[in-house]
Amino acid sequence: MTVDEIAYHTRCVSANTENALVIADMPFMSYSNVEQCCESAAKMMRAGAGMVKMEGGRWLCDSVTTLVRNGIPVCGHLGLTPQSVNVFGGFKIQGREDERAEEIYQDALALVQAGIQLLVLECVPSSLAKKISQAITIPVIGIGAGKETDGQILVMHDALGITSGYIPKFSKNFLAESGDIQSAISLYVAQVASGEFPGAEHSFS
């Protein structure tokens, strides 16, 4: 996806949204330096985003600080960052080794200091997600990070069981338990609120 394509979809979503926070996901190689990051984020905000999301650790701090100084809220994303799967060697759990876990933890602290206002943790051990969530004051949203984060998110296709031939371990087919899409989403919300989801079987150690 390009910046213009994401901006187009952001514009479509924001035009039909009243009370939800619209977060535009900055696409691959659209924020490799501070200047490019500002240009890309400005397009997202002009398209109607209320926040932009970027994948990466401490190397993003200068960009985060510059965006926030210019009035653009930022969501960070640590752990399994999909734009980096070619470096990771595939979609692999991050933070199981002590050194990698400490790196992710320090990245989280640094990004908060730089000014992020929301953090997504993807596919990390539950214990690491809990440690980070307790250490920082901003909301932490987990996907495959256990139940100790402040909130949960799933890719819709995974939650509805319609991903081609594969449902991630951290997801669940809510459509199979409910029968229609609206009921499936309501069931997901209810099970997250009650603490039933994610369970131990959807988490990593």
Side-chain angles (χ1 to χ4, degrees), residues 1-17 20-92 94-95 103-124 129 132-133 136 138-145 149-159 163 168 170:
M1 298 292 284
T2 66
V3 171
D4 288 339
E5 287 169 333
I6 294 293
Y8 167 78
H9 286 88
T10 300
R11 190 173 294 109
C12 293
V13 171
S14 62
N16 293 280
T17 301
L21 172 62
V22 176
I23 303 177
D25 203 341
M26 299 267 275
F28 179 67
M29 288 300 294
S30 66
Y31 49 96
S32 60
N33 57 61
V34 175
E35 181 179 0
Q36 183 192 36
C37 181
C38 289
E39 292 176 357
S40 299
K43 287 187 177 181
M44 303 302 178
M45 299 300 286
R46 293 187 188 110
M51 177 179 278
V52 298
K53 184 176 78 67
M54 300 187 295
E55 301 179 6
R58 280 161 279 188
W59 65 273
L60 281 175
C61 286
D62 287 345
S63 292
V64 170
T65 299
T66 302
L67 290 181
V68 173
R69 187 169 60 233
N70 283 277
I72 299 179
V74 179
C75 172
H77 186 158
L78 293 172
L80 174 57
T81 47
Q83 293 178 18
S84 301
V85 294
N86 292 315
V87 175
F88 296 152
F91 291 88
K92 299 180 178 180
Q94 300 295 306
E103 180 182 4
I104 294 171
Y105 178 73
Q106 293 300 329
D107 281 341
L109 298 183
L111 288 170
V112 171
Q113 183 66 31
I116 65 167
Q117 295 172 314
L118 187 65
L119 177 64
V120 172
L121 287 178
E122 181 169 355
C123 290
V124 300
I132 292 173
S133 298
I136 64 179
I138 64 170
V140 177
I141 307 300
I143 174 168
T149 55
D150 301 299
Q152 299 290 330
I153 189 171
L154 284 177
V155 174
M156 184 179 68
H157 294 70
D158 293 339
T163 303
F170 57 79

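Basis for what follows: all heavy atoms, side chains included, without hydrogens, waters or symmetry-related copies.
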Trainee: Would you mind reporting whether M1 and H9 have side-chain heavy atoms less than 4.5 Å apart?
Mentor: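 Yes. Closest side-chain heavy atoms under 4.5 Å.
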Trainee: Quick check on F28: does its CZ atom have over 12 non-hydrogen neighbours (other residues, nucleotides or ligands) under 6.0 Å away?
Mentor: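 12 or below, so no.
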Trainee: Output yes when a side-chain donor or acceptor of Q83 lies under 3.5 Å from a complementary backbone atom of M54, and no otherwise.
Mentor: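 Side chain of Q83 to backbone of M54, a donor-acceptor pair under 3.5 Å: no, none is there.
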Trainee: Assess the residue pair Y31 and E55 against the criterion (side chain to side chain contact (heavy atoms under 4.5 Å, CB included)); give the C-alpha distance rounded to whole Å, side-chain angles, the decisive distance to 0.1 Å, and a yes or no.
Mentor: CA-CA 10 Å; Y31 49 96; E55 301 179 6; 3.6 Å; yes
Trainee: Verify, without hydrogens or angle tests, whether S40 (side chain) and S30 (backbone) share a donor-acceptor contact under 3.5 angstrom.
Mentor: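 Such a contact is found between S40 side chain and S30 backbone.
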Trainee: Counting only N and O atoms by type, is there a donor-acceptor contact under 3.5 Å from the side chain of S84 to the main-chain atoms of V87?
Mentor: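 It does not hold such a pair.
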Trainee: What is the distance from atom CG of L80 to atom NZ of K92, rounded to the nearest 0.5 Å?
Mentor: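 So the gap between those two atoms works out to 11.0 Å.
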Trainee: Rounded to the nearest 0.5 Å, what separation is found between the CD1 atom of I141 and the CD1 atom of I153?
Mentor: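 Nearest 0.5 Å value for the CD1-CD1 distance: 7.5 Å.
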Trainee: Per the side chain to side chain donor-acceptor pair (under 3.5 Å) rule, what does the pair list look like for residues 103-119, sequence neighbours excluded?
Mentor: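 Checked against side chain to side chain donor-acceptor pair (under 3.5 Å) - neighbours excluded - the pairs reaching residues 103-119 are R58-D107, R100-E103, E102-Q106.
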Trainee: Where is the tightest heavy-atom contact between G142 and T149, given as atom of each residue plus distance?
Mentor: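 Looking at all heavy atoms of both residues, the shortest contact is N-OG1, 3.5 Å.
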Trainee: Is Q36 reaching over with its side chain to a backbone N or O of V34, donor-acceptor style, under 3.5 angstrom?
Mentor: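 Checked: no pair found.
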Trainee: To the nearest 0.5 Å, tell me how far D25 CG sits from T10 OG1.
Mentor: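 Those atoms lie 9.0 Å apart.
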Trainee: Could you walk me through whether D4 and K43 pass the side chain to side chain contact (heavy atoms under 4.5 Å, CB included) test, one step at a time?
Mentor: CA-CA 8 Å; D4 288 339; K43 287 187 177 181; 3.4 Å; yes
Trainee: Rounded to the nearest 0.5 Å, what's the gap from CZ on F170 to CG on L154? Could you check?
Mentor: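 Going from the CZ atom of F170 to the CG atom of L154 covers 7.0 Å.
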Trainee: Could you walk me through whether M44 and V3 pass the side chain to side chain contact (heavy atoms under 4.5 Å, CB included) test, one step at a time?
Mentor: CA-CA 8 Å; M44 303 302 178; V3 171; 4.0 Å; yes
Trainee: Give every donor-acceptor pair under 3.5 Å between a side-chain atom in residues 60-69 and any protein atom, sequence neighbours left out.
Mentor:
residue	atom	partner	partner atom	Å
T65	OG1	C61	O	3.1
T65	OG1	A114	O	3.1
T66	OG1	D62	O	2.9

Trainee: Is there a side-chain contact between L109 and I136 (heavy atoms, below 4.5 Å)?
Mentor: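 Yes, at least one pair of side-chain atoms sits under 4.5 Å.
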Trainee: Distance-only, no hydrogens or angles: does the S133 side chain make a donor-acceptor pair with backbone N or O of D150 under 3.5 Å?
Mentor: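 Pair absent, no side-chain N/O of S133 close to backbone of D150.
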Trainee: If you take all heavy atoms of C37 and M26, which pair is closest and at what distance?
Mentor: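 Heavy atoms only, the tightest pair is O-CE, 3.6 Å.
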Trainee: Answer whether the closest heavy-atom distance between the side chains of P73 and M45 falls below 4.5 Å.
Mentor: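 P73 vs M45: side chains touch.
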Trainee: When you measure from the side chain of S14 to the backbone of R11, do you find a donor-acceptor pair of N or O atoms at a distance under 3.5 Å?
Mentor: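 Here the side-chain-to-backbone pair exists.
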Trainee: First locate atom CD1 of I72, then atom CE of M51, and finally report the distance between them rounded to the nearest 0.5 Å.
Mentor: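 Those atoms lie 11.5 Å apart.
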Trainee: Below 4.5 Å, heavy atoms only, C-beta onward: do L119 and I132 meet side chain to side chain?
Mentor: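 A side-chain contact under 4.5 Å exists here.
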Trainee: Can you see which heavy atom on L121 is nearest to which on V124, and at what distance?
Mentor: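 Here L121 and V124 meet closest at CB-CG2, 4.3 Å.
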Trainee: Under a 4.5 Å cut-off applied to non-hydrogen side-chain atoms, are V120 and I143 in contact?
Mentor: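 Answer yes - side chains close enough.
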